[in-house]
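Here's the structure we're looking at; comments come further down.
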Amino acid sequence: MVLPLDPGPRVDDAGPDAAADASPPAGSRWARRRRKLRAGFPRTVLALLCGVLLALSFPPYGVWPLSLVAVAGLSLLTHRRTARQAAWTGFAFGAPFLIWLLAWLTVIGADAWLLLAVFESLFLALMAAGLAVVSRLPGWPLWTACLWVTQEWARDRVPLGGFPWGRLAFANTTSPYTPLAALGGAPLVSFAVALSGALLAAAVLALRAGDGARHRRKALGAVAVALAAGVVGYAVPLPTAGTTAGGPAQAEVALIQGNVPHAGMDFLGRPMQVLQNHVRATEKLAQEVAAGTAKQPQLVIWPENSSDVNPYDTPEAYTAIQGAVDAIGVPILVGALVDGPDAQHVQNEGIVWAPSNAAEPGPGAHYTKQHPVPFGEYVPFRSVLSKYITRLQRVARDFAPGTATGILQVGPARIGDVICFEVAYDGIVSDAVSKGGRVLVVQTNNATYEHTGQPDQQFAMSRLRAVEHGRAVLIAATSGISAVIEPDGSVLKRTQLATAAEIEASVPLRDPLTVADRVGAAPEWFLTVLGLLAAGAAAGLRRRAGTR
């Protein structure tokens, strides 16, 4: 993509990005404003286009090379601009990207969708201002890549615990960059993608600077480094065999996808219906095992909300679950909402349910979701907001967060359990491995977003986590996508959406930690601080130059 850019500073941008120190042309203020809008219109349109390209790099489209093109485009559009100009360009880039990416939120409401997308776009606007500042430094593609990590670091954490959707790493879960996750997690993948995109932009600028041999060498060098950043992932070993240090090397598992009555906000149907779907599917599997047409599993995984009533205070539900467990004869990890610490709260849990012939039958150890979703599972500032947004009253009770990592012994497997959106948060998944999980389990209920891109986007995150932590990932979803993912990120089996299904597989149980597990969040913090220091240094140098 050829962009109409000069390498030097420009002041002909649209909207709020007009340079403060530009000499105003003759005419009224409104006439000058219109001229600036017209002059900057092409740049804004190009930023919008680059944002759309970035959205297309994510599932369900998954054209990952477009993430490089989008980063390169934003780098060119902000190169040597003023911070105000670049901030507007970054917002024009971020808004279409996030509006498209998060379109699945329209199920909840157009207002929630647009408000979240616009708010998240502000992070990209701030990052773009930083890109313009560091573009005057030597080695600016490196600082550009660092600032992408900085932006994602901030967006992953604030406000209300952050919202990690839209990280460059999550568009590159099946690309040459993916194996880098085993070395430095999702932040290193994002960094490598951003570095490659910025280097491609540097190559374009070098070619536009002149036809001399020196400029051609600079362009070729930038392209060569960009390619190297992409192919280095192929050198990262991704072992997949099980190990015996912590117990057996393999486990026979079954994942039950019982399905729901219908998709959308009211997916549950009448009480007990979703639970009965999972009970029937498990009993059917038990009959196939007895007939010799299916393998006997050693553990069974049900999804989040597979019990749509509290089994502890609903005798009918308790009996139904126990009957399914006894029929299959092995422990089942059940997903259910249970009463919280007080009458105003509930808890989203994965419960290990043992057969009647076990030493301790019935419900036992459990994991409580640590990161409830704001406005979906709890309402911040409820007393104020619920007066003005009546739809929030549908969240009748807030979810109380758990405080312990999801390490559970289910049959022969010590699992690391995470629930639904938690798979997007680095720290929660990392803890589930570093504290002893030999296989990762993602219990999820995506029935609300069944006919949108959300299940595919979350599925891609799970594939990246498999590579990052060197663990098989078992996804159990009420209505899809359920899957078995190998430790190298390859998909062994998966289900279709909106169907009742079950998956049987033999999965490796692993003990070794990846480099990413050992270094934890250190690469992300290092790159984040480096980006901030580069932006601060560039701003300081420019300020000093302006006072001379």
Look at the side chain of [X] and the backbone N and O of [Y], then say whether any donor-acceptor pair between them is shorter than 3.5 Å.
X	Y	answer
Gln257	Gly480	yes
Ser190	Val149	no
Ser121	Ala117	yes
Thr314	Pro311	no
Arg510	Val439	no
Tyr177	Leu188	no

Give, for atom [atom1] of [X] and atom [atom2] of [Y], the distance between the pair rounded to the nearest 0.5 Å.
X	Y	atom1	atom2	value
Thr150	Phe191	OG1	CZ	10.5 Å
Tyr318	Asn310	OH	CG	12.0 Å
Lys369	Phe399	NZ	CZ	7.5 Å
Asn259	Arg280	CG	CZ	11.0 Å
Leu183	Thr514	CG	OG1	8.0 Å
Thr495	Ile503	OG1	CD1	5.0 Å

For [X] and [Y], test the side chains for any donor-to-acceptor distance below 3.5 angstrom and give the result as yes or no.
X	Y	result
Gln273	Asn277	no
Asn446	Gln454	yes
Asp326	Ser356	yes
Asp398	His345	no
Thr444	Gln458	yes
Glu283	Gln287	no

| request: Kindly indicate, with the supporting measurements, whether the criterion side chain to side chain contact (heavy atoms under 4.5 Å, CB included) is fulfilled by Val300 and Glu502. | output: CA-CA 10 Å; Val300 176; Glu502 57 91 13; over 6 Å; no
| task | Please test Arg397 against Asp339 for salt bridge (charged side-chain N to carboxylate O under 4.0 Å, His left out), starting from the C-alpha separation and ending with a verdict. | result | CA-CA 10 Å; Arg397 291 197 290 170; Asp339 291 334; 3.4 Å; yes
| field | Ring center gap for Phe97 and Phe58 short of 6.0 angstrom | value |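 Yes; Phe58 has its ring centre under 6.0 Å from that of Phe97.
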| task | Could you tell me if the ring centre of Trp153 sits under 6.0 Å from that of Phe123? | result |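 Ring centroids of Trp153 and Phe123 are no less than 6.0 Å from each other.
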| Could you walk me through whether Asp517 and Ser434 pass the side chain to side chain donor-acceptor pair (under 3.5 Å) check? | CA-CA 7 Å; Asp517 292 322; Ser434 62; over 6 Å; no
For a quick test of reading the model, state the closest non-hydrogen atom pair linking [X] to [Y] and the distance between them.
X	Y	answer
Thr405	Gln370	CA-NE2, 4.0 Å
Gln296	Ile328	NE2-O, 3.1 Å
Val473	Ser462	CG2-O, 3.8 Å
Trp64	Ser175	CD2-CB, 3.4 Å
Thr244	Ala249	CG2-CB, 3.8 Å
Pro374	Pro380	CB-CG, 4.2 Å

| message | Pair Leu474, Val253 - check side chain to side chain contact (heavy atoms under 4.5 Å, CB included), show working. | response | CA-CA 9 Å; Leu474 309 177; Val253 303; 4.1 Å; yes
Non-hydrogen side-chain atoms of [X] and [Y] separated by less than 4.5 Å:
X	Y	value
Glu304	Asn348	yes
Arg463	Thr178	no
Tyr378	Pro401	no
Phe421	His371	no
Pro455	Thr452	yes
Met461	Pro164	no
Ser307	Glu349	no
Asn172	Ser57	no

| Chi angles and distances behind the side chain to side chain contact (heavy atoms under 4.5 Å, CB included) call for Lys493, Leu255 | CA-CA 11 Å; Lys493 294 182 179 180; Leu255 311 179; over 6 Å; no
| query | With respect to Pro508, which candidate in Pro239, Pro487, Pro248 satisfies the side-chain contact (heavy atoms from CB on, under 4.5 Å) definition? | reply |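 With Pro508 as partner, Pro239, Pro487, Pro248 yield a single side-chain contact (heavy atoms from CB on, under 4.5 Å), made by Pro487.
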| request: Mind running salt bridge (charged side-chain N to carboxylate O under 4.0 Å, His left out) on Glu252 and Lys295 for me, showing each step along the way? | output: CA-CA 8 Å; Glu252 295 291 335; Lys295 275 189 174 183; 3.6 Å; yes
| field | OH/Tyr312: more than 12 non-hydrogen atoms of other groups inside 6.0 Å | value |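 Check passes, neighbour count above 12.
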| request: May I have the step-by-step check of side chain to side chain contact (heavy atoms under 4.5 Å, CB included) for Asp156 and Glu524, ending in yes or no? | output: CA-CA 11 Å; Asp156 292 355; Glu524 183 180 34; 4.0 Å; yes
| request: Output, in order, the C-alpha distance, side-chain angles, deciding distance and verdict of side chain to side chain donor-acceptor pair (under 3.5 Å) for Gln457 and Trp104. | output: CA-CA 10 Å; Gln457 291 168 12; Trp104 45 269; 3.0 Å; yes
| field | Distance under 6.0 Å and angle within 45° of ring axis: Arg494 vs Phe459 | value |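 Yes, a cation-pi geometry.
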| Hey, what's the ring geometry for His278 with Trp302, parallel, tilted or perpendicular (30° and 60° as the breaks)? |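 Rings of His278 and Trp302: tilted, as their planes differ by 30° to 60°.
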| query | Step by step, would you call Arg471 with Asp511 a salt bridge (charged side-chain N to carboxylate O under 4.0 Å, His left out)? | reply | CA-CA 9 Å; Arg471 296 291 189 273; Asp511 299 287; 5.9 Å; no
| task | May I ask you to decide whether Arg155 forms a salt bridge with Glu152, counting only side-chain N to carboxylate O separations under 4.0 Å? | result |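 Result for this pair is no, no salt bridge flagged.
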